[in-house]
Amino acid sequence: MAAPAPRPDDAWSRLRAEIRQVLVARLGERLAIALLPLQANEPEPGIASAPTLPASFVALAEHYPARLANAHRKQHGAWFTPLALAEPTADRTLALLAGDRADDRQRPLRVVDPAVGGGTFLRAAVRALRARGASPATALASLHGVDVDSTAATLAALALWEEAGCVGDPRDVATRIHAGDGLLDLADDSFDAVLTNPPWETLQATRDSAARIAELRPRFRRQGRGKLYTYRLFTERAHALLRPGGALGLIVPASLWFDRDAEPLRRLLLDDCDWQWLFGFENRKKVFAIDGRYRFGAITARRGGPTAQVRVAFGRTELADWRAAAPPHTAVPREALRALSPGSGAFVEADDPRDLELLLRMQRNGTPLVGARGLFAWRQGDFNMTSDRARFVRRDDAERRGYVAGDDGVWRCANAPALLPLLQGAMVGDLHPNVGAHAGGAGHRTQWRAPGDARQQRPAYLVDAAAWRAAAAQRAPFRVVHRALGNASNERSMFACLAPDVPCGNSLGVLTPLPQLRPHARPLRELAAAAALLSSLAFDWALRQRLAGTNLNRFVLADCVLPPHQDLADELAASALRLCALLPQHAPLWTFAQREGWAPATGPATSDDERRALATRIDVLATRAYGLLHDDVAWITRDCERPADELARRPGGTLAKGFWRLERTLPPAERRPVRWRRAIAGGAHAEAP
């Protein structure tokens with residue numbers, strides 16, 4: 001089944017007719033219709049009602065996507081690629097081919113764009129080839145391309161013909177740049193270079209797309225599980241189209257370098273290619289007319305591996321950085337990728353050589369947090385907020401029925417089943433069990449506010465207590481919960497808290513002791529010490545370098561490590577207990593700690609000063625456990641004492657992931673990153689507060 005083409009009875013056909021009028025005006029009716037044939041239900045061509053469209057073919061090809069309906073643009077990935085992005089990508093890709101074949105002078109290179117769109121990438125190729133001495137005719141003869149939109153393909157052919165100085169007959173160009181299915185129509189192993197910005201869409205399993213998915217899935221073996229994504233299909237296809245030694249240059253979404261299901265493609269590029277560049281951008285300068293938070297990158301590689309190192313950059317906003325003769329980057333050896341992401345193969349976004357060296361040092365002696373060799377079991381909540389909704393009772397409904405929360409956290413009403421609060425991500429803070437109270441709304445419109453009573457939770461939902469307790473024997477009596485959504489540019493990326501056996505929604509990840517604990521192990525102490533380390537700025541900084549997306553799931557956590565800390569475990573655990581076990585229903589945690597022999601003499605830490613001092617002490621202990629030096633801490637916390645409004649005006653790069661937002665309403669000297677740095681500088685490894 002061919003890729004779906006636009007229907008001839010919609011607004012697309014009217015636009016096609018307008019475009020043909022421009023072609024008639026410039027080329028004559030006969031040539032215009034040869035290049036852009038009439039389709040059913042389409043208006044006859046004519047010059048009398050000339051449209052307000054650009055006369056230049058290059059400008060017309062660039063203008064065309066903006067005239068399409070949004071649904072059409074989304075379905076076919078019809079977005080204009082700026083020449084300022086395409087040119088350096090094409091230059092670096094074609095440079096990989098320089099002088100590698102004895103017969104290059106005897107025949108044109110074969111350069112293809114399998115999703116040609118308006119032809120921007122092939123225009124960039126014309127310029128690159130001409131800069132290397134090719135004549136306009138030779139450069140033009142090198143180009144091939146297809147697009148499911150026949151109008152776009154024709155405009156691309158004409159734009160390239162115009163770019164090359166209108167040499168020869170445009171119909172000759174159109175024989176090589178034409179309508180077609182880039183995923184199926186082109187011959188494997190037949191091109192010297194593939195240059196493309198493919199569609200970034202999802203092939204949804206709808207009735208219309210079912211046959212297409214069934215046709216594609218068996219032909220593409222590097223797509224991971226779940227849905228098919230067009231950029232992944234085109235990335236695999238680009239590799240297949242190349243002859244041995246050929247080169248590719250692609251513009252891809254950021255998920256290529258961090259998503260779980262893109263791992264087979266990363267392995268293909270690393271094992272069967274020499275992956276040269278991964279240059280990542282944030283769309284804050286609106287390179288594409290989509291969300292400014294969207295992230296994408298330019299990659300170049302040469303078929304024939306394996307890769308020794310990849311030059312990487314992340315979080316860039318200026319296209320000029322990629323156009324530079326020597327773009328700013330960090331060279332990441334292949335062995336460093338293996339060491340930092342042994343399970344996922346995801347790229348850590350270390351944007352500076354020092355970040356890379358520090359991450360490798362922290363990783364070297366650590367133990368994975370979860371996974372086959374991990375310290376703990378992990379799952380994403382106990383209840384799914386969508387599929388389990390029928391099992392929830394809205395708290396406001398329960399209150400109208402007479403339910404009241406008891407001192408033990410259980411909600412009771414006469415002659416009615418007892419209910420338990422359902423813990424959600426917004427309720428959990430940094431080593432704090434109660435930072436958010438439900439204020440109204442549901443789903444994406446849910447509103448949270450600071451609790452009016454710090455000792456009482458105000459959840460959005462409650463669940464049946466008897467059903468939860470019936471399965472208690474199958475669960476550990478305590479757990480560490482963390483927010484399942486994070487971001488590398490937030491104040492914090494990890495919000496973790498020690499908790500008793502409480503029901504959690506899927507906006508929380510849940511860490512529990514492994515069933516096969518050592519006979520002498522103290523499971524609560526291990527969990528509490530882990531909670532403290534997870535909350536440390538050292539762990540958070542390392543997590544930020546690998547948290548390219550927003551889902552803090554098993555895939556991400558399996559590559560995170562905790563340092564050796566047995567000699568520090570009692571103090572770490574005691575600090576976490578004092579910070580987390582604040583509510584009346586947390587009394588069992590104190591009892592368990594006493595049984596294990598490490599319960600602190602001082603009770604819960606409730607004052608701001610006490611909590612800040614404990615947080616700094618945890619940071620100091622984590623520094624010791626990870627083997628960090630004062631210079632390392634100074635590097636991680638750089639800029640954190642500067643005024644927050646000044647830092648907010650400084651865009652990009654590593655600063656976006658810094659801790660300068662943390663406690664920014666406090667005077668600089670009182671902010672947590674600065675307290676950490678000063679404690680390390682003063683040798684503060686001694687007394688706990």
Side-chain angles (χ1 to χ4, degrees), residues 378-399 403-406 408-411 418-465 467-469 471-472 475-476 478-487 490-512 527 531 534-535 547 549-554 556-557 579-586 589:
W378 182 94
R379 66 176 178 275
Q380 188 160 349
D382 306 293
F383 294 89
N384 183 283
M385 300 306 294
T386 301
S387 60
D388 289 326
R389 186 169 292 275
R391 303 169 65 183
F392 303 157
V393 177
R394 290 181 58 94
R395 190 208 73 251
D396 49 2
D397 289 342
E399 288 177 325
Y403 273 91
V404 176
D408 57 357
V410 180
W411 290 67
L419 303 174
L420 295 174
L422 180 67
L423 204 60
Q424 291 181 257
M427 300 168 68
V428 174
D430 178 26
L431 296 181
H432 199 297
N434 191 25
V435 298
H438 182 244
H444 295 300
R445 297 185 177 180
T446 304
Q447 298 177 352
W448 301 89
R449 62 167 180 252
D453 182 348
R455 291 176 57 81
Q456 186 177 92
Q457 291 175 322
R458 299 285 289 172
Y461 300 103
L462 305 164
V463 297
D464 184 75
W468 176 255
R469 290 167 179 161
R475 301 185 301 265
F478 30 71
R479 50 184 47 191
V480 170
V481 298
H482 69 85
R483 293 187 191 176
L485 291 177
N487 196 298
N490 289 345
E491 284 189 17
R492 296 293 304 272
S493 298
M494 171 60 79
F495 289 90
C497 187
L498 184 68
D501 181 33
V502 292
C504 297
N506 62 352
S507 59
L508 285 168
V510 178
L511 292 163
T512 53
L527 268 178
L534 292 175
S535 79
L547 191 59
T550 58
N551 291 320
L552 195 48
N553 52 28
R554 188 196 310 272
V556 174
L557 295 177
L579 288 165
C580 298
L582 304 179
L583 305 179
Q585 58 264 41
H586 293 160
L589 294 177

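Under the side chain to side chain contact (heavy atoms under 4.5 Å, CB included) criterion, Ala484 pairs with Gln380, sequence neighbours left out. Partners of Arg449 by salt bridge (Lys or Arg N to Asp or Glu O under 4.0 Å), not counting sequence neighbours: none found. By the side chain to side chain contact (heavy atoms under 4.5 Å, CB included) test, Asp396 is found to be paired with Arg394, Arg400, residues two or more places apart in sequence or in another chain being considered. The salt bridge (Lys or Arg N to Asp or Glu O under 4.0 Å) test applied to Arg379 returns Asp382, not counting sequence neighbours. Checked against side chain to side chain donor-acceptor pair (under 3.5 Å), Gln424 has no partners two or more places apart in sequence or in another chain. A search for side chain to side chain contact (heavy atoms under 4.5 Å, CB included) contacts involving Pro584 returns Arg455, not counting sequence neighbours. Partners of Phe478 under the ring-ring contact (aromatic ring centres under 6.0 Å, His included) rule, at least two apart in sequence or in another chain, are Phe592. Looking at residues two or more places apart in sequence or on another chain, you find no side chain to side chain donor-acceptor pair (under 3.5 Å) involving Arg554. Applying the side chain to side chain contact (heavy atoms under 4.5 Å, CB included) test to Ala467 and every residue at least two apart in sequence or in another chain returns Asp464. Scanning for ring-ring contact (aromatic ring centres under 6.0 Å, His included) contacts around Trp448 gives His438, with sequence neighbours left out. Evaluation of the salt bridge (Lys or Arg N to Asp or Glu O under 4.0 Å) rule for Arg389 yields no partner, not counting sequence neighbours.
Using modelled atom types, no side-chain atom of Arg391 and backbone atom of Val463 make a donor-acceptor pair closer than 3.5 Å. Between the Asn384 side chain and the Asn506 main chain, no donor and acceptor come within less than 3.5 Å of each other. No side-chain donor-acceptor contact under 3.5 Å links Arg458 to the backbone of Pro451. When atom types are taken as modelled, the side chain of Arg395 and the backbone of Pro421 share no donor-acceptor pair closer than 3.5 angstrom.
Atom CG of Asn553 sits about 10.0 Å away from atom CG of Leu485, to the nearest 0.5 Å. Here the straight-line distance linking atom SG of Cys580 with atom CG of Asp430 works out to 8.5 Å at 0.5 Å rounding. To the nearest 0.5 Å, atom CG of residue Leu508 and atom CZ of residue Arg483 are 9.0 Å apart. Expressed to the nearest 0.5 Å, how far CH2 of Trp468 lies from CG of Leu419 amounts to 14.0 Å.
Taking both residues in full, the closest heavy atoms of Ser493 and Leu547 are given as CB-CD2, 4.0 Å, listed atom of the first, atom of the second, then distance. Closest non-hydrogen pair, Leu579 versus Pro433, comes out as O-CD, 4.4 Å. Among all heavy-atom pairs drawn from Trp378 and Gly509, the shortest one is NE1-CA, 3.8 Å. Shown here for Thr512 and Arg479, the closest heavy-atom pair between the two residues is CG2-CB, 4.0 Å. The two residues Pro459 and Leu422 make their nearest non-hydrogen contact at CB-O, 3.9 Å. Across Val556 and Asn551, no two heavy atoms sit closer than the pair CG2-O, 3.6 Å.
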Verdict with reasoning, Gln585 to Val502, per side-chain contact (heavy atoms from CB on, under 4.5 Å): CA-CA 10 Å; Gln585 58 264 41; Val502 292; 5.7 Å; no
side-chain contact (heavy atoms from CB on, under 4.5 Å) between Val481 and Leu423, intermediate numbers included: CA-CA 9 Å; Val481 298; Leu423 204 60; 4.2 Å; yes
Working for side-chain contact (heavy atoms from CB on, under 4.5 Å), residues His482 and Leu534: CA-CA 9 Å; His482 69 85; Leu534 292 175; 5.9 Å; no
Side chains of residues 494-501: which donor-acceptor partners sit under 3.5 Å, not counting sequence neighbours?
unit_1 : atom_1 : unit_2 : atom_2 : d
Asp501 : OD1    : Arg475 : NE     : 3.0
Asp501 : OD2    : Arg475 : NE     : 3.1
Asp501 : OD2    : Arg475 : NH2    : 2.9

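Side-chain contact between Val428 and Val435 is absent, with no heavy atoms from C-beta onward closer than 4.5 Å.
Between Phe383 and Phe392, the ring planes lie perpendicular to each other; the angle is over 60°, past the 30° to 60° tilted range.
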